[in-house]
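This report concerns only the one structure given below.
Residue numbers start from 1 in every chain, and the chains themselves are labelled A, B, ... in the order their sequence lines are given, proteins ahead of strands. Just so you know, these numbers come straight off a predicted model, no measurement behind them.
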Amino acid sequence: MVGAILTQNTNWKNVEKAIFNLKQADALHAEAILDMDNARLRELIRPSGFFNQKADRLKLFCTFYLRHGKENGLKKLPNPRAELLAQKGIGPETADSILLYALQMPVFVVDAYTRRIFSRLGLISADIDYTATQTLFMNHLPADVLLFNTYHALIVEHAKRHCRVKPDCATCPLLCCCDSAISNS
DNA sequence: ATCCAGTTGG
DNA sequence: CCAACCGGAT
């Protein structure tokens with residue numbers, strides 16, 4: 001859950017450093033994060049960028065998390081997703097990441113990579129929003145936690161290896177079925 | 001449409 | 001050196 005918040009618009013490598021810092025400080029849990037003064041927390045999570053905002057968001061989330069009785073409490077809520085979205089600093093992707101990766105609920109996580117890859121392939125339009133993209137995937141896949149988990153991870157990996165902003169199409173495994181493939185380069 | 005911000009890989 | 005980074009709030 002900490003990772004889901006810290007990785008907002010940030011490279012995961014940087015998030016790992018921040019999480020490592022929290023572990024070293026024996027502070028990778030809600031109580032410790034809340035007990036820490038903000039200056040200290042900012043320093044620990046600094047590598048993940050946007051550290052002022054994220055320190056505040058982490059604390060707000062920890063309060064929310066404890067108020068509902070940690071993981072089990074969150075999972076038992078009538079509508080966990082709506083509760084998460086009501087928190088400042090938790091948007092659709094962060095909420096869904098928490099639902100899927102932390103609470104093991106079958107929710108498909110959409111990110112900028114998902115839309116970039118699939119719009120380039122020609123399977124969705126470029127301006128489709130988060131919810132519509134998510135609905136499309138969930139209407140065409142069985143609701144399976146492990147499948148959604150792996151599928152999203154593979155999308156991230158593919159975007160980093162080939163389907164970057166400046167794409168590397170030459171060695172792309174999806175070259176054959178992509179509308180936007182750049183012939184050479 | 002802008003701001004938030006340090007880190008990494010090319 | 002600089003593009004890019006598993007977004008969200010205003």
Side-chain angles (χ1 to χ4, degrees), chain A residues 1-25 38-65 81-121 124 126-134 136-138 141 145-172 174 180 182 185:
Chain A
M1 296 183 192
V2 169
I5 292 170
L6 293 184
T7 200
Q8 290 170 359
N9 202 37
T10 298
N11 190 309
W12 182 252
K13 293 270 188 192
N14 297 336
V15 178
E16 286 182 320
K17 286 185 138 198
I19 289 177
F20 178 78
N21 290 343
L22 289 170
K23 268 188 195 163
Q24 290 299 295
N38 277 29
R40 171 87 171 127
L41 183 55
R42 287 189 208 114
E43 201 51 39
L44 293 176
I45 66 170
R46 188 185 198 88
S48 71
F50 305 109
F51 54 85
N52 288 314
Q53 295 193 122
K54 286 177 180 175
D56 293 338
R57 291 175 180 184
L58 263 185
K59 284 202 167 186
L60 286 171
F61 180 78
C62 287
T63 302
F64 162 81
Y65 175 75
R81 189 171 195 270
E83 298 287 342
L84 286 166
L85 288 175
Q87 305 310 306
K88 180 165 298 189
I90 308 293
E93 183 183 341
T94 307
D96 289 337
S97 295
I98 290 172
L99 293 174
L100 177 64
Y101 289 101
L103 302 186
Q104 322 254 54
M105 297 175 72
V107 175
F108 196 87
V109 177
V110 173
D111 56 18
Y113 290 155
T114 310
R115 281 175 279 183
R116 186 161 81 205
I117 292 171
F118 285 86
S119 66
R120 281 178 177 171
L121 287 170
I124 63 178
D127 54 1
I128 187 171
D129 67 16
Y130 186 99
T131 307
T133 309
Q134 182 178 51
L136 181 68
F137 277 89
M138 294 189 71
L141 292 169
V145 172
L146 184 56
L147 173 67
F148 287 173
N149 192 316
T150 305
Y151 205 131
H152 180 248
L154 288 171
I155 285 172
V156 172
E157 204 51 36
H158 182 61
K160 295 173 94 76
R161 291 191 197 184
H162 300 281
C163 209
R164 295 183 286 251
V165 174
K166 238 177 94 74
D168 177 16
C169 300
T171 57
C172 180
L174 299 178
S180 315
I182 301 169
S185 94

Exercise. For A:K13 and A:N52, take the nucleotide of DNA chain B holding the closest heavy atom to each; which residue's nucleotide lies nearer the 5' end?
Worked result: A:N52
Seminar exercise, completed: Atom CZ of A:R46 and atom C1' of B:dC4 are separated, to the nearest Å, by 13 Å
For this session: Nearest whole angstrom, please: distance from the P of C:dC5 to the CH2 of A:W12.
Result: 16 Å
Exercise. Rounded to the nearest Å, what distance is computed from the CG atom of residue A:L60 to the P atom of nucleotide C:dG8?
Worked result: 15 Å
For this session: Tell me which nucleotide among C:dC6, B:dT7, C:dG7 gets nearest to the side chain of A:A112.
Result: C:dG7
Exercise. Is it true that atom CZ of A:R164 has more than 12 heavy atoms of other residues, nucleotides or ligands lying nearer than 6.0 Å?
Worked result: yes
Problem set entry | CD1-CZ distance between A:I5 and A:R57, expressed to the nearest 0.5 angstrom | 9.0 Å
Exercise. Mind checking the C1' distance from B:dA1 to C:dC6? Whole angstroms is fine.
Worked result: 23 Å
Exercise. Does OP1 or OP2 of B:dT7 have a side-chain N or O of A:S48 closer than 4.0 Å?
Worked result: no
Problem set entry | Residue whose nearest DNA chain C nucleotide is more 5′ - A:A159 or A:K88 | A:A159
Exercise. Roughly how far apart are A:F61 CZ and A:L84 CG, rounded to 0.5 Å?
Worked result: 6.0 Å
Seminar exercise, completed: Comparing nearest nucleotides in DNA chain C, the 5'-proximal residue of the pair A:T10, A:I90 is A:T10
Problem set entry | From B:dT8, C:dG8, C:dC6, nucleotide with atom closest to A:R57 side chain | C:dG8
Problem set entry | Interatomic distance, A:F20 CZ vs B:dG6 P [rounded to whole Å] | 21 Å
Exercise. OH of A:Y151 versus P of C:dC6: gap in Å, rounded?
Worked result: 19 Å
Exercise. Do the side-chain N or O atoms of A:R116 get closer than 4.0 angstrom to the phosphate oxygens (OP1, OP2) of C:dC5?
Worked result: yes
Problem set entry | Steps toward side-chain contact (heavy atoms from CB on, under 4.5 Å) verdict (A:Y113, A:H152) | CA-CA 9 Å; A:Y113 290 155; A:H152 180 248; over 6 Å; no
Exercise. Between A:K54 and A:T10, is a side-chain contact (heavy atoms from CB on, under 4.5 Å) present by the stated rule, with each step listed?
Worked result: CA-CA 11 Å; A:K54 286 177 180 175; A:T10 298; 2.8 Å; yes
Seminar exercise, completed: A:L44 and A:A25 have their tightest heavy-atom pair at CD1-CB, 3.9 Å
Exercise. How long is the line joining CG of A:D111 and P of C:dA4, in whole Å?
Worked result: 16 Å
Exercise. Given atom CG of A:N14 and atom C1' of C:dA4, what is their separation to the nearest angstrom?
Worked result: 11 Å
Exercise. So, is A:N11 close to the B:dG9 phosphate, meaning a side-chain N or O under 4.0 Å from OP1 or OP2?
Worked result: no
For this session: Just call it for A:F50: base, sugar-phosphate, or nothing, with non-hydrogen atoms closer than 4.0 Å on any strand.
Result: base
For this session: Identify whether any heavy atom of A:V165 sits under 4.0 Å from a base atom; if not, whether one sits that close to sugar-phosphate; answer base, sugar-phosphate or nothing.
Result: sugar-phosphate
Problem set entry | Atom C1', compared across C:dC2 and B:dA5: separation rounded to whole Å | 15 Å
Problem set entry | A:Y101 side chain near C:dC6 phosphate (N/O to OP1/OP2, under 4.0 Å) | no
Exercise. Looking for any heavy atom pair under 4.0 Å, which part of the strands does A:Q87 touch: base, sugar-phosphate only, or nothing?
Worked result: sugar-phosphate
For this session: Write down the distance between CD (A:Q53) and P (C:dT10), rounded to a whole number of angstrom.
Result: 9 Å
Seminar exercise, completed: Looking only at C:dG8, B:dT8, C:dC6, the nucleotide nearest the A:K17 side chain is B:dT8
